[in-house]
Amino acid sequence: MTEVYLRRLSRWQAEQQRAAVADVHVTAYRGAAGAEYRDRQGFLDRFEQHVQHLGFDMMVADAGGLVGCAYGFRVERTGEWWSDFRGELPTDIEELTASGRTFLLAELMVLPAHRRHGVATLMGERLLARLETDLVVAAMDLERPHDGEDGDRPANAAQETVRSWGWSKLGLLAPHSPSAVREVWIRRPLR
């Protein structure tokens with residue numbers, strides 16, 4: 001496999017690379033559940049909003065072209081991000097959000113040919129290493145288990161990845177459409 005180099009992109013660099021990032025996104029999620037959510041233009045619209053958030057940070061993996069990307073930003077102190085959370089949000093999560101020390105891992109994607117080589121883990125570690133946060137959250141599409149599968153087992157690569165990183169599932173976000181139920185996973189950085 002080709003050697004992969006990681007680099008951090010500034011907000012300006014991220015905006016300049018948006019077409020290449022969208023190409024990675026479309027290829028990484030091709031054929032996955034919720035594909036209508038992941039169409040190229042939809043991603044570009046979300047990306048344009050995401051780069052404007054306070055604390056936006058981005059890491060890319062390059063092997064003669066982008067092969068992966070991880071980015072996120074600080075969750076707004078108002079707690080609006082949690083408005084679709086099902087059930088009672090734990091008080092400590094509300095407090096950490098209000099303190100401005102919660103980071104949302106908005107995207108983590110790796111091209112299929114570069115998966116299972118540690119690229120996602122390296123990008124995630126580097127992206128989160130310099131954050132001054134007390135909580136990192138991620139929301140990902142929930143893939144329902146097929147007949148005979150364990151309902152508590154992670155059903156997709158993203159869930160398997162964050163679980164292997166020591167993250168824990170917090171709960172669900174209410175769907176905006178019948179196919180858009182999302183799980184919320186959290187990690188409290190080691191100090």
Side-chain angles (χ1 to χ4, degrees), residues 6 8-12 14-15 21 25 34 37-38 42-43 45-60 68-110 120-144 151-191:
L6 300 182
R8 190 172 301 278
L9 298 185
S10 69
R11 181 186 318 260
W12 181 84
E15 289 173 336
V21 173
H25 191 271
Y37 177 75
R38 295 188 171 97
F43 171 76
D45 293 344
R46 287 188 306 281
F47 186 70
E48 182 180 358
Q49 294 172 5
H50 290 167
V51 297
Q52 301 306 315
H53 282 274
L54 178 66
F56 176 85
D57 205 356
M58 182 173 183
M59 182 68 61
V60 295
C69 173
Y71 75 81
F73 48 87
R74 292 204 183 258
V75 173
E76 291 185 31
R77 292 175 178 237
T78 63
E80 184 179 331
W81 190 85
W82 297 104
S83 64
D84 291 331
F85 188 77
R86 288 183 173 172
E88 184 92 14
L89 187 65
T91 304
D92 64 326
I93 302 294
E94 288 178 7
E95 291 171 355
L96 289 170
T97 301
S99 75
R101 297 180 60 84
T102 299
F103 185 83
L104 171 65
L105 177 61
E107 286 289 345
L108 174 64
M109 54 192 143
V110 177
T121 300
L122 286 172
M123 283 191 307
E125 287 173 354
R126 296 254 178 99
L127 178 68
L128 302 177
R130 71 178 194 179
L131 295 178
E132 293 182 9
T133 61
D134 295 316
L135 180 69
V136 181
V137 299
M140 59 195 75
D141 291 342
L142 175 63
E143 292 186 14
R144 301 187 196 302
D152 193 38
R153 184 181 63 77
N156 67 34
Q159 292 165 319
E160 290 173 9
T161 299
V162 296
R163 182 171 279 174
S164 75
W165 292 351
W167 292 42
S168 56
K169 187 167 63 173
L170 180 65
L172 299 174
L173 295 178
H176 293 294
S177 70
S179 63
V181 175
R182 304 185 85 203
E183 285 183 332
V184 177
W185 289 71
I186 62 171
R187 183 194 85 162
R188 296 173 191 274
L190 301 174
R191 300 265 179 214

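Here the structure is a predicted model, which means the values were calculated and not measured.
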(message) For R126, is the CZ atom crowded, meaning more than 12 foreign heavy atoms sit under 6.0 Å from it?
(response) no
(message) Within this structure, what is the CZ-NE2 distance for the pair R11 and H53, rounded to the nearest 0.5 Å?
(response) 9.5 Å
(message) If you count heavy atoms of other groups shown closer than 6.0 angstrom to CD of E94, is the number above 12?
(response) yes
(request) Report yes if some heavy atom in the side chain of M58 is under 4.5 Å from a heavy atom in the side chain of C69; otherwise report no. (result) yes
(request) Hey, can you tell me if F85 and W82 have their rings parallel, tilted or perpendicular (30° and 60° cut-offs)? (result) perpendicular
(request) For residues R130 and R8, report the shortest heavy-atom separation together with the two atoms involved. (result) NH2-CD, 3.0 Å
(request) For residues W81 and V137, determine if any side-chain heavy atom of one lies less than 4.5 Å from a side-chain heavy atom of the other. (result) yes
(request) Check whether any side-chain heavy atom of M140 lies under 4.5 Å from a side-chain heavy atom of V162, and answer yes or no. (result) yes
(request) Please tell me if the side chains of E183 and W185 come closer than 4.5 Å, counting only heavy atoms from C-beta onward. (result) yes
(request) Find the distance between CG (L108) and CH2 (W165) and round it off to the nearest 0.5 Å. (result) 4.5 Å
(request) Report the distance from atom CD of E95 to atom CG of L89, rounding to the nearest 0.5 Å. (result) 10.5 Å
(message) Please tell me whether Y71 and F56 form a close aromatic pair, meaning their ring centres lie under 6.0 Å apart.
(response) yes
(message) Which residue in the set V136, T97, D134 passes side-chain contact (heavy atoms from CB on, under 4.5 Å) when paired with T102?
(response) T97
(request) Could you check if a side-chain atom of L105 sits within less than 4.5 angstrom of a side-chain atom of F73, using non-hydrogen atoms only? (result) no
(request) Kindly determine whether V75 and E80 satisfy side-chain contact (heavy atoms from CB on, under 4.5 Å), including the steps that lead there. (result) CA-CA 8 Å; V75 173; E80 184 179 331; over 6 Å; no
(message) Counting C-beta onward and ignoring hydrogens, is there a side-chain heavy-atom pair between L135 and I93 closer than 4.5 Å?
(response) yes
(message) Please give me the minimum heavy-atom distance between H25 and F43, naming the atom from each residue.
(response) CD2-CD1, 3.3 Å
(request) For residues R74 and L131, determine if any side-chain heavy atom of one lies less than 4.5 Å from a side-chain heavy atom of the other. (result) no
(message) So which atom in T133 and which in R101 form the shortest heavy-atom distance, rounded to 0.1 Å?
(response) CB-O, 3.3 Å
(request) List the atom of A120, the atom of T161, and the distance in Å for their closest heavy-atom pair. (result) CB-CG2, 4.5 Å
(request) Of all the heavy-atom pairs spanning F47 and A14, show the shortest one and how long it is. (result) CE2-O, 3.5 Å
(request) List the atom of A138, the atom of L104, and the distance in Å for their closest heavy-atom pair. (result) CA-CD1, 4.2 Å
(message) Under 4.0 Å between a side-chain nitrogen and a carboxylate oxygen: does that hold for R182 and D84?
(response) no
(request) Supply the atom-to-atom distance E76 CD to L54 CG, rounded to the nearest 0.5 angstrom. (result) 8.5 Å
(request) Report yes if some heavy atom in the side chain of M59 is under 4.5 Å from a heavy atom in the side chain of E125; otherwise report no. (result) no
